[in-house]
Amino acid sequence: MWRLKLLRHKARGSANNLEFKHKRREFEKALRQARRDKQLISKRLLQSVDVEEEEEEDPVEPGSTPLSPEQVREMIRGVQSGGEEKAARLAYLRKALRNPESQLTFIKSDNGMHMLIGHPYLLTYLSGQSTKLTELCLYILGNLCPDSTVVREKLLAQGIVSALASCIHNQRYNLEVVEAVGFTLSQLIQAKDTNEKIIPAVMASGIVPHVISALTPDPEFGYGPAIECTWCLHYLVSSSSDNSMLIAQGALSQCSAVLITLGGAVAQGNRAGGIELLIWPLLRCLGNLLVSGGDVKPEDTRLLAALCVFSQVYLHPHPALSRESLWVLNNLTAGSSGFCSGLLLLNMVPILIQLLSFSKGINSMALRVLGNIAHHGTEYCVRLTQAGLLTALCATLCVVEEFTRLNGVPLLEAIQYNSEGEQRVRAAYILDHHFPSFSL
Amino acid sequence: MLTYSYNLNIMLQPELIELLGSATPKILAEKIPVTENRDSEWQGLQQKVRGNENAVSPFGFRPQRLRFAVEDEYFEDGDIHRHMYLQDVVTATAHDEHPPTISEFRCHIAGCRQLFDTLEGYEHHYNSLHRNVCSNCKRSFPSNRLLEMHILEWHDSLFQVMAEKQCMYECLVEGCGLKFKTSKERKDHLIRTHSYPADFRFDKEKKSGRMREKKTQQQKDANMEFSETATIHQESESMDFSLTPEPESVKAVETEPMHTANLKPRYSYKVPSSICFGQGSVRGFRGRRKK
């Protein structure tokens with residue numbers, strides 16, 4: 001009945017294109033401001049395809065105009081009256097509720113409150129036989145979660161966590177439901193304030209293995225379920241400084257394996273369908289897992305290749321994604337001779353050197369990775385300079401301050417003290433002439 | 001000479017592509033040859049450096065694993081991308097390109113007169129309403145678990161016997177597991193501990209008479225506002241928990257700023273007569289209830 005369809009940003013005819021782009025930029029600005037205010041939450045829209053045509057004019061509107069109390073009552077009545085259009089009316093109501101003022105009006109109305117306090121019913125239907133109803137209830141719950149701490153605590157008390165755990169277990173082969181569970185769970189655990197209660201409940205519920213297992217995307221179905229579950233994992237990983245339990249359940253190896261698979265797809269030119277929506281949270285999970293699980297590392301160094309591919313391919317469309325790939329590379333190579341050697345052996349240093357020319361944190365992270373390699377000793381520095389590192393560093397010295405800020409000096413020092421004769425001389429020269437305050 | 005390569009044509013090395021191909025096996029990190037760090041030489045240099053008081057420690061750089069919090073600025077762009085996706089996504093009804101062409105048909109369950117014109121709609125109706133039906137009293141339940149609990153509590157004489165001696169009324173919330181001596185205690189627990197609304201339909205007391213039944217039925221149905229489809233109206237009864245007639249239980253537990261929920265529904269709309277209330281749970285066999 002309801003299928004998630006990724007609305008590609010198709011051109012709506014040249015007349016509307018500029019306006020559409022402008023609206024989109026405004027929307028993005030609003031989201032960024034919301035994030036700064038720690039208010040970045042989203043609700044998922046469900047609607048029937050028939051309604052889609054009417055709503056195409058305004059797809060990126062964060063919220064419609066607020067409703068009057070009478071309108072709210074009318075809408076609720078419309079939903080209650082049943083009939084074939086009930087689903088559409090409910091969807092319409094849900095969309096209207098994205099406006100905070102409408103929400104308040106809704107809460108104040110009598111019927112509205114009954115709907116809100118009907119949570120136990122929603123939870124009960126999660127274990128029902130109708131998967132479509134289950135999916136719908138999940139999205140309703142998921143959209144309710146970000147509203148307030150009170151709502152979340154209530155849901156917690158009513159047993160939402162075990163309901164979600166049972167649901168994903170029983171419906172693990174139904175990817176639509178898995179996606180919906182992932183979404184709802186991510187909405188539930190995203191907020192920081194209920195971390196002390198919700199996260200432990202989630203970890204104890206037995207839902208985590210299912211979440212981890214869902215990280216492997218089904219090529220036919222699409223990335224939806226994996227995306228939602230990976231965001232869940234990201235919130236779980238970030239909530240604790242010790243993630244040995246998650247690692248024991250296979251989180252790290254699974255993230256690594258999926259990234260390698262996606263790396264292969266991207267390398268072969270497959271970049272459509274929102275693949276970066278999955279790569280992004282995977283990188284964050286892996287990056288933070290590498291810092292919070294002792295010294296556990298992924299075993300397969302093909303991961304290095306995947307990360308290098310991402311850092312190159314996404315450099316222009318999503319520089320932040322490129323930067324985060326380098327961040328994971330940093331965490332992999334810091335203190336690991338295996339991965340440092342891997343980068344050298346698999347001839348990926350030239351890629352890193354190429355990335356030294358780019359801003360937005362890309363060059364500084366690339367420098368860190370190179371520094372990690374250099375730190376391992378003379379042999380490594382030799383290889384680095386053979387790959388042309390010193391030349392590239394000289395080139396970036398045109399902006400000396402930038403270079404210093406980006407850890408360039410320590411890298412030079414590392415080379416200076418680690419390298420053989422000629423390289424030592426060159427590094428010393430650079431330091432003497434460009435950074436006299438640092439030289440001996 | 002410095003060249004800023006803004007329009008760098010990113011050509012992926014063919015080796016990379018091959019490395020990531022599905023035919024390539026794992027390359028285990030532990031198998032990669034590493035060169036040992038020549039520590040003695042390193043230390044020698046360190047001593048040299050320390051001799052000069054003007055020198056900044058050359059070992060300022062340390063390989064460091066970095067951790068970023070969820071709300072860190074570092075993650076801003078990725079978060080924005082994610083939320084744009086969430087809010088742009090249009091969940092569309094998967095109307096089949098070639099919908100099965102069947103004419104209208106009725107649900108075949110005795111007493112249910114619901115009409116359908118799609119198999120999907122019928123499937124949904126059947127699963128919601130007729131699947132978990134108590135064979136004794138014909139009530140339907142939204143889940144197998146609730147059905148089983150119902151049978152145990154209402155149609156099992158052994159249960160009644162055991163309930164006199166021990167706690168048999170199980171909490172409805174899955175995973176809770178607590179049991180209570182009476183259904184009222186269970187209800188109180190649900191309200192207190194699990195924040196269930198006070199007018200949630202808990203165990204109905206033994207009442208007889210179809211007239212009262214009917215009224216209660218309508219009241220119940222009127223209460224199910226969040227129902228998504230017409231069929232849910234019929235499911236109101238599927239919880240098998242009726243309205244508690246006591247007005248004292250009206251006090252809502254939540255702290256939301258609203259006036260107390262009034263037990264009596266105050267809806268003036270008329271339910272269209274095409275909506276069937278008499279669904280699968282035929283009310284005819286009530287007389288058989290014990291006690």
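Keep in mind the model is a prediction, meaning the values are calculated, not measured. Residue numbering restarts at 1 for every chain, and letters A, B, ... go by the order of the sequence lines.
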Given a strict heavy-atom distance threshold of 4.5 Å, which part of A:L304 is in contact with chain B: side chain, backbone, both, or neither?
-> neither
Quick one: CD on B:Q87 to NZ on A:K43, what's the gap to the nearest 0.5 Å?
-> 10.5 Å
Short side-chain to backbone donor-acceptor contact, B:R67 and A:S292, under 3.5 Å = no
Partner chain B: residue of A:S336, A:G287, A:S166 with the largest heavy-atom pair count (under 4.5 Å) | A:S166
Close side-chain approach of B:Y196 to A:L123, heavy-atom, < 4.5 Å = no
Distance-minimising heavy-atom pair for A:S42 and B:H83 = OG-ND1, 2.6 Å
Closest approach of A:N372 and B:Q64, non-hydrogen atoms and distance?
-> OD1-N, 4.2 Å
Under the side-chain hydrogen bond (donor to acceptor under 3.5 Å, both in side chains) rule, collect the residues that match up with A:W231, sequence neighbours excluded.
-> none
Can you check whether B:L66 reaches A:V291 side chain to side chain, under 4.5 Å on heavy atoms?
-> no
Not counting sequence neighbours, which residues clear ring-ring contact (aromatic ring centres under 6.0 Å, His included) with A:F339? List them please.
-> none
Against chain B, label A:A306 side chain, backbone, both or neither, depending on which of its atoms sit under 4.5 Å from a heavy atom there.
-> both
Between CZ of B:R82 and CG of A:L31, what distance do you get to the nearest 0.5 Å?
-> 12.5 Å
Is it true that A:R32 and B:E76 have a side-chain N and a carboxylate O under 4.0 angstrom from each other?
-> yes
Side chain / backbone / both / neither for A:R36 at chain B, heavy atoms under 4.5 Å = side chain
B:R145 portion near chain A, given a 4.5 angstrom heavy-atom threshold | neither
Option in A:A163, A:P350, A:A334 with maximal non-hydrogen atom pairs under 4.5 Å from chain B | A:A334
Residue, of B:I80, B:T193, B:V173, that accumulates the most heavy atom pairs under 4.5 Å with chain A = B:I80
Checking heavy atoms, do the side chain of A:I260, its backbone, both or neither come under 4.5 Å from chain B?
-> both
When only pairs under 4.5 Å are counted, which of A:A34, A:A320, A:S127, A:G159 shares the most heavy-atom pairs with chain B?
-> A:S127
May I ask you to decide whether B:D72 forms a salt bridge with A:R284, counting only side-chain N to carboxylate O separations under 4.0 Å?
-> no
Measuring heavy-atom distances to chain B, does A:I41 have an atom under 4.5 Å in its side chain, in its backbone, in both, or in neither?
-> backbone
So, the part of A:T131 with a heavy atom under 4.5 Å from chain B: the answer is neither
Report yes or no: is the cationic atom of A:R35 (NZ for Lys, CZ for Arg) under 6.0 Å from the centre of the six-membered ring of B:F75, at an angle within 45° of the ring normal?
-> no
State, with a plain yes or no, whether a side-chain heavy atom of A:Q190 is found less than 4.5 Å away from one of B:V70.
-> no
Return yes if a side-chain donor-acceptor contact under 3.5 Å exists between A:S162 and B:E174, otherwise no.
-> no
Given side chains that start at C-beta, do those of A:E324 and B:F68 come closer than 4.5 Å, heavy atoms only?
-> no
Nearest-0.5 Å distance that lies between atom CG in A:L156 and atom NE2 in B:H194 | 10.5 Å
Atom NZ of A:K38 and atom CD of B:E71: how far apart are they, to the nearest 0.5 Å?
-> 5.5 Å
Classify the angle between the aromatic ring planes of B:H81 and A:H318 as parallel (below 30°), tilted (30 to 60°) or perpendicular (above 60°).
-> perpendicular
